[in-house]
Amino acid sequence: MQRIGVFVCWCGSNIAGTVDVKAVAEALKSEPGVVYSTDYQYMCSQAGQDLIVQAVKDNNLTGLVICSCSPRMHEATFRKTAATAGLNPYMVEIANIREQCSWVHKEMPIGTEKAIILGKAAVAKVNLNTPLTPGESPVTKRALVIGGGIAGIQTALDIADAGFPVDIVETKPTIGGKMAQLDKTFPTLDCAACILTPKMVDVAQHEKIRIFSYSEVAEVKGFVGNFDVTIKKKARFVDETKCTGCGDCVDKCPMKKNPNEFNMGMDNRPAIYIPFAQAVPKVATIDAGACTMLKKGKCGLCSKVCGAGAIDYTQKDEFISEKYGAIVVATGFNVISMDKFDEYAYNQSKDVITSLEFERLTNAAGPTAGKLLRPSDGKHPHKIVFVQCVGSRCENCAEKGKEYCSKICCMYTAKHAMLTRDKYPDTDVTVFYIDVRTPGKNFDEFYRRAVEEFGVKYVKGMVGKIVPEGEVLKVQASDLINNKQMHIDADLVVLAAAIEPDKSARPLATMLTASMDTNDFFTEAHPKLRPVESPTAGVFLSGACQGPKDIPETVSQAGAAASKVIGLLCKDKLLGNPCIAGSNELMCNGCSSCERVCPYGAITYLDKEFRMPDRTTKIRRVASVNPAVCQGCGACTVACPSGAMDLRGFANDQIMAEVDAICK
Amino acid sequence: MNKKDLLREEIIRRSGVNPKKCMKCGKCSGTCPAYEEMEFHPHQFASMIDSGDIEPLIASESVYKCLSCFACVERCPRGVEPAKLIEAVRLSVIREKGANRMTANDVPAMVDEETPQQLLVSAFRKYTK
Ligand SMILES: Cc1cc2nc3c(=O)[nH]c(=O)nc-3n(C[C@H](O)[C@H](O)[C@H](O)COP(=O)(O)OP(=O)(O)OC[C@H]3O[C@@H](n4cnc5c(N)ncnc54)[C@H](O)[C@@H]3O)c2cc1C
Ligand code: SF4
Ligand code: SF4
Ligand code: SF4
Ligand code: SF4
């Protein structure tokens, strides 16, 4: 039988204002197991905690019920108090008589009655509490970063600078992500390459960082501190250790007409290519779908011209296994497809482009060497129309666009419009907007400069349709402020297309058992207080894979994710949460219900030998919970049809005892 | 409920449209081929019906100028369906006694070589209770 002490807190007038605390202490005195009951003004204060410790000593208490604020607030505090008093910290239960009682009731008698009931439930539970000890597991001191955009780059550099080895897995032949494709960047207009490429070089030269480019994560097993990851290095048919990046092969390759992904398909590249001059690693890659040597065994020119002997037509995909303590997801975003926006004629006219294509058109390393020329005829456009919110803020989302605001397009459209007017003052630039959303340091000032200094015309209204007619694009739009319909003959139209998470993010999330929202952005453990952690222990989030973000935000989040990873890798051992599930093997029938509901993949099955009453042995399949992975959510305990699965600290009989106490 | 609110409820019920979904982007009015003919434009129907300002719409010729092409319905990013609101207002007008816009007697005069029969049939349906 437990010897339980009850401690009712006033929380100043927070609780005592609507709950008669003395009456609560008095009423709980006669509950089974209770040998001591008292009240105090601030139980969490040093004096309050001392009072608890003293009471434990004086009364040989074995369990504590604290009637106070939410356990979210002070459960940890009172567990420490119990430990100080020599009790197991898990012999403490909190009855929340503030958030769930005094704050929601106005009348003293009602508040008091409810507080007594909540106190009785907690007493009933403590009667069944048993001491719990958290398990320990070791930590592999290496991190994996998935995605090598600016987010992944920054996270990797920060972790590596703290002394821990980091591997970056990047699916493209080079790291750099979308930022490498941008021209100048808002709000300060520094050139993207000038600030990004030095960081890429830092990554390449860092002794603690390995880059797996043209690679993907194939399998993830294990749990926080102990992930086992298989990385698939896709065959690039070039030996990375030999290739010097000289580009001789690229010049000689006869298969020159393949859409250049890096330039958004606006020009062509050969079958063997290096995406851009500052690529990291600067190693050629053969596009197997375009190379005649790989397809038909004819050609082999690149191998002949390569002085380093790096070309290897027999290369196969390679699988590498590595252990990691922490995983950072930094898979970024893509621009959505414009195929369904017939009204904007994207597929009918080459002169209707997305903003990312516009970046390439104005980039000195782009298809036009930085000259703003129409894709259709190479002429300089004199009338440009920008359309914001294309596919963003769309309620009919599933088929066409996205329900959210893509966040970055207002600012980059202002940037594009401003830069165009700056470089080509003879160009007429009109931006159609629903709202201009520019919260951020120096952001609104930036947009206003586009209007006031650079003469960009901002029209509140939306483009309804675009019809290509001869050389021009007939743009029909509304001007809501002047209450008229506008008709513009434009030379070029730029669509600020919505952004969405990379398509590979969903299968990756499944592999990591990390959760996503309905838009496939990774969800954070807490939207405000734990923004860079996924709810899955050991998995962290960096950059636009978690939600639309510009570069300043991406970099800050990347650093934050790194600091969380460093905090984890600094530990030698991890203390688990002891309130985890466990199956009673005698009752488990191996039905797999629990495995199916466990959101963290904590449950596996073992074939175990059991001795039967008739002395024979029988092999049965039983559930086994990995204590390091289980987060104690309890989903399995409700799913289990045979009542075999139970949650320590929240056992079925404890919950029933609480319910009984409440209903009594 | 006062008369104004009743009318608003009626239009919303009849059209099955929730004008609160409108984010006032103006894409409907940007796309509307009958814009110049209309005194009130599709986005204004959404916004004025929402605020209960329906009398001016009823009194306006706009309800007959809408071509019911449904371009606004097709392109509205929020699924508001402005043409259905216009339709609902038009019905409020023509359902009144003697308020038919067209009668069968008007039709013969309109028949000529150019005008497709289908157009007259639709117009007759649309403008008559
Ligand atoms: C047109 C345009 C203009 C912009 N202009 C500006 C600007 O001026 N200023 C500004 O601050 N921001 C700007 N941005 C926003 C900026 O591009 C983003 O903030 C930034 O790129 C986000 O970085 P990221 O690393 O999270 O994502 P990304 O840049 O998308 O990088 C993600 C990386 O992960 C890789 N990857 C994806 N999936 C996997 C996988 N499964 N396995 C391995 N690797 C994977 C991708 O190949 C990519 O390299 C602009 C964006 C656009 C579209
Ligand atoms: S950032 Fe601006 S352009 Fe982009 S979706 Fe949001 S409001 Fe529209
Ligand atoms: S309690 Fe939750 S996390 Fe733990 S094994 Fe059960 S379902 Fe998985
Ligand atoms: S297109 Fe839809 S959301 Fe936009 S103004 Fe018209 S009705 Fe409102
Ligand atoms: S249905 Fe009517 S309001 Fe809508 S676009 Fe067509 S003509 Fe204009």
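Throughout, a chain's letter reflects where its sequence line sits, starting with A, and its residues are numbered from 1. Fair warning: this is a prediction, and the values are worked out from it, not measured in the lab.
In this structure, the side chains of B/Lys27 and A/Ile434 stay at 4.5 Å or more apart for every pair of heavy atoms. Looking at heavy atoms from C-beta onward, B/His43 lies in side-chain contact with A/Leu480 at the 4.5 angstrom threshold.
Scanning residues 115-124 of chain B against chain A with a 4.5 Å heavy-atom cutoff picks out nothing at all.
The CD atom of A/Gln388 sits 12.5 Å away from the SG atom of B/Cys25 when rounded to the nearest 0.5 Å. Annotation: the span from A/Asn483 atom CG to B/Phe40 atom CZ amounts to 9.0 Å, rounded to 0.5 Å. Once rounded to the nearest 0.5 Å, the distance linking CZ of B/Arg75 with NZ of A/Lys400 reads 7.0 Å. If you take CE on A/Met462 and SG on B/Cys28, they are separated by 11.0 Å, rounding to the nearest 0.5 Å.
Annotation for A/Ser478 and B/Gly26: closest pair OG-O, 2.7 Å, computed over non-hydrogen atoms.
A/Gln485 places a side-chain N or O within 3.5 Å of a backbone atom of B/Cys32 that can act as its donor or acceptor partner. Of the possible donor and acceptor atoms, none in the side chain of A/Glu395 sits under 3.5 Å from a partner among the backbone N and O of B/Pro77. Using modelled atom types, no side-chain atom of A/Arg393 and backbone atom of B/Arg78 make a donor-acceptor pair closer than 3.5 Å.
The 12-atom threshold is exceeded at NZ of B/Lys24, counting heavy atoms of other residues, nucleotides or ligands nearer than 6.0 Å. Taking a 6.0 Å sphere around NZ of A/Lys460, one finds it holds more than 12 heavy atoms contributed by other residues, nucleotides or ligands. The number of heavy-atom neighbours closer than 6.0 Å to NZ of B/Lys126, taken from other residues, nucleotides and ligands shown, is above 12.
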Q: Please assess A/Asp435 against B/Met23 for the test side chain to side chain contact (heavy atoms under 4.5 Å, CB included), listing each intermediate value before the final yes or no.
A: CA-CA 10 Å; A/Asp435 303 285; B/Met23 64 167 162; 6.0 Å; no
